[in-house]
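Here the structure is laid out as structure tokens; the discussion comes afterwards.
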Amino acid sequence: DVKGRPCEDFCVLQHSNRRICVITLAEAHPLLQSGKTIKNINYQISANCSRLQNKVSGKSKRGAQFLTELAPLCRISSSDGEEYTIYSCIRGRLIEVNENILSNPALLQEKPSTEGYIAVVLPKFEESKSITQGLLTQKEYEEVLLKRRSSAS
């Protein structure tokens with residue numbers, strides 16, 4: 001429930017090297033529920049900030065935008081008029097955004113944890129081990145989903 005928005009869950013897939021993280025929509029996110037159609041994805045965060053302008057170079061990833069946990073990555077509009085802001089969830093450098101979902105938004109819904117990812121973030125080396133400590137494991141998340149379903153019925 002990021003920023004108090006119920007069920008707007010995100011997923012952080014972290015590589016086993018404990019550094020690089022892929023940000024995706026979690027299975028319970030409203031955009032992945034049946035009947036939702038994605039109308040628009042916008043990486044323009046403000047008048048002066050577009051995630052598409054992120055230009056990274058070299059081994060040390062120079063030029064990458066630095067993100068905090070609550071830094072918006074993009075905004076997604078659905079056909080029913082709802083707009084969802086997708087947040088970074090972790091501190092680190094923005095390595096890339098997935099431009100493929102701009103021309104094919106259905107990837108977000110059809111393959112959210114592979115080709116439909118939103119962004120790739122690289123946490124600082126010294127923070128990489130602690131970065132996921134505040135996040136739920138897959139098993140813990142499934143327990144939260146069970147509790148949500150039982151309290152809704």
Side-chain angles (χ1 to χ4, degrees), residues 1-125 127-128 131-132 134-142 144-145:
D1 299 339
V2 178
K3 284 200 159 192
R5 304 284 303 247
C7 303
E8 289 189 26
D9 303 333
F10 307 113
C11 178
V12 177
L13 302 172
Q14 189 175 39
H15 191 274
S16 59
N17 72 5
R18 307 283 300 159
R19 293 251 354 243
I20 199 136
C21 297
V22 177
I23 313 299
T24 70
L25 297 177
E27 65 182 85
H29 195 283
L31 282 166
L32 300 184
Q33 304 315 305
S34 61
K36 291 274 187 184
T37 307
I38 296 173
K39 191 172 77 176
N40 181 36
I41 300 167
N42 191 353
Y43 283 110
Q44 186 78 37
I45 300 309
S46 67
N48 299 328
C49 180
S50 170
R51 300 298 181 210
L52 292 172
Q53 301 303 315
N54 189 56
K55 299 294 178 224
V56 180
S57 66
K59 189 176 170 185
S60 62
K61 309 300 180 214
R62 279 188 298 278
Q65 297 173 10
F66 188 78
L67 305 171
T68 62
E69 295 90 336
L70 294 176
L73 289 170
C74 67
R75 291 190 176 82
I76 303 174
S77 304
S78 63
S79 55
D80 61 3
E82 290 287 325
E83 183 177 89
Y84 302 92
T85 300
I86 310 303
Y87 297 97
S88 171
C89 306
I90 56 172
R91 288 169 40 92
R93 290 190 184 139
L94 180 62
I95 301 304
E96 74 174 60
V97 294
N98 185 0
E99 294 184 38
N100 294 332
I101 61 175
L102 295 173
S103 58
N104 188 1
L107 282 174
L108 265 176
Q109 294 167 309
E110 294 165 5
K111 300 178 179 182
S113 58
T114 55
E115 289 124 85
Y117 72 95
I118 294 163
V120 177
V121 177
L122 183 66
K124 287 183 178 177
F125 181 75
E127 294 178 5
S128 60
I131 209 105
T132 53
L135 304 176
L136 301 175
T137 64
Q138 179 69 29
K139 189 174 188 303
E140 291 168 334
Y141 181 61
E142 287 166 4
V144 166
L145 291 180

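All residue numbers in this chain count up from 1 along the given sequence. Please read all numbers here as calculations on a predicted model, not as lab measurements.
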Donor-acceptor pairs under 3.5 Å, side chain of residues 42-49 to any protein atom, not counting sequence neighbours: which ones?
{"residue": "Asn42", "atom": "OD1", "partner": "Gln44", "partner atom": "N", "Å": "2.7"}
{"residue": "Tyr43", "atom": "OH", "partner": "Asn98", "partner atom": "N", "Å": "3.4"}
{"residue": "Tyr43", "atom": "OH", "partner": "Asn98", "partner atom": "O", "Å": "3.2"}
{"residue": "Tyr43", "atom": "OH", "partner": "Ile118", "partner atom": "O", "Å": "2.9"}
{"residue": "Gln44", "atom": "NE2", "partner": "Ser46", "partner atom": "O", "Å": "2.7"}
{"residue": "Ser46", "atom": "OG", "partner": "Asn48", "partner atom": "N", "Å": "3.4"}
{"residue": "Ser46", "atom": "OG", "partner": "Cys49", "partner atom": "N", "Å": "3.3"}

### Task
Please work out which of the three classes, parallel, tilted or perpendicular, describes the rings of His29 and Tyr84, given edges at 30° and 60°.
perpendicular

Find the distance between [atom1] ([X]) and [atom2] ([Y]) and round it off to the nearest 0.5 Å.
{"X": "Leu108", "Y": "Leu25", "atom1": "CG", "atom2": "CG", "answer": "5.5 Å"}
{"X": "Ser77", "Y": "Lys39", "atom1": "OG", "atom2": "NZ", "answer": "5.5 Å"}
{"X": "Glu82", "Y": "Ile76", "atom1": "CD", "atom2": "CD1", "answer": "13.0 Å"}
{"X": "Ile20", "Y": "Arg93", "atom1": "CD1", "atom2": "CZ", "answer": "12.0 Å"}
{"X": "Asn100", "Y": "Ile41", "atom1": "CG", "atom2": "CD1", "answer": "10.5 Å"}
{"X": "Ile38", "Y": "Leu107", "atom1": "CD1", "atom2": "CG", "answer": "9.5 Å"}

For the backbone of [Y] and the side chain of [X], can you confirm whether one donor and one acceptor N or O come within less than 3.5 Å of each other?
{"X": "Gln109", "Y": "Ala106", "value": "no"}
{"X": "Arg19", "Y": "Pro123", "value": "yes"}
{"X": "Glu69", "Y": "Ser88", "value": "no"}
{"X": "Glu96", "Y": "Lys55", "value": "no"}
{"X": "Glu27", "Y": "Leu32", "value": "no"}

### Query
Among Ile101, Leu94, Ile95, whose side chain to side chain contact (heavy atoms under 4.5 Å, CB included) with Val97 holds?
Leu94

### Task
Answer with yes or no whether the side chains of Glu8 and Tyr87 bring together a donor and an acceptor at under 3.5 Å.
no

Side-chain contact, heavy-atom cut-off 4.5 Å: [X] with [Y]?
{"X": "Pro72", "Y": "Ile86", "value": "no"}
{"X": "Val22", "Y": "Thr24", "value": "yes"}
{"X": "Ile90", "Y": "Thr68", "value": "no"}
{"X": "Leu102", "Y": "Leu52", "value": "yes"}

On a heavy-atom basis, which atom in [X] and which in [Y] lie closest, and how many Å separate them?
{"X": "Lys36", "Y": "Pro30", "value": "CG-O, 3.2 Å"}
{"X": "Tyr141", "Y": "Ala26", "value": "OH-CB, 3.4 Å"}
{"X": "Cys89", "Y": "Val12", "value": "CB-CG2, 4.0 Å"}

### Query
Under the side-chain hydrogen bond (donor to acceptor under 3.5 Å, both in side chains) criterion, do Gln65 and Arg51 qualify, and how do the steps go?
CA-CA 8 Å; Gln65 297 173 10; Arg51 300 298 181 210; 2.6 Å; yes

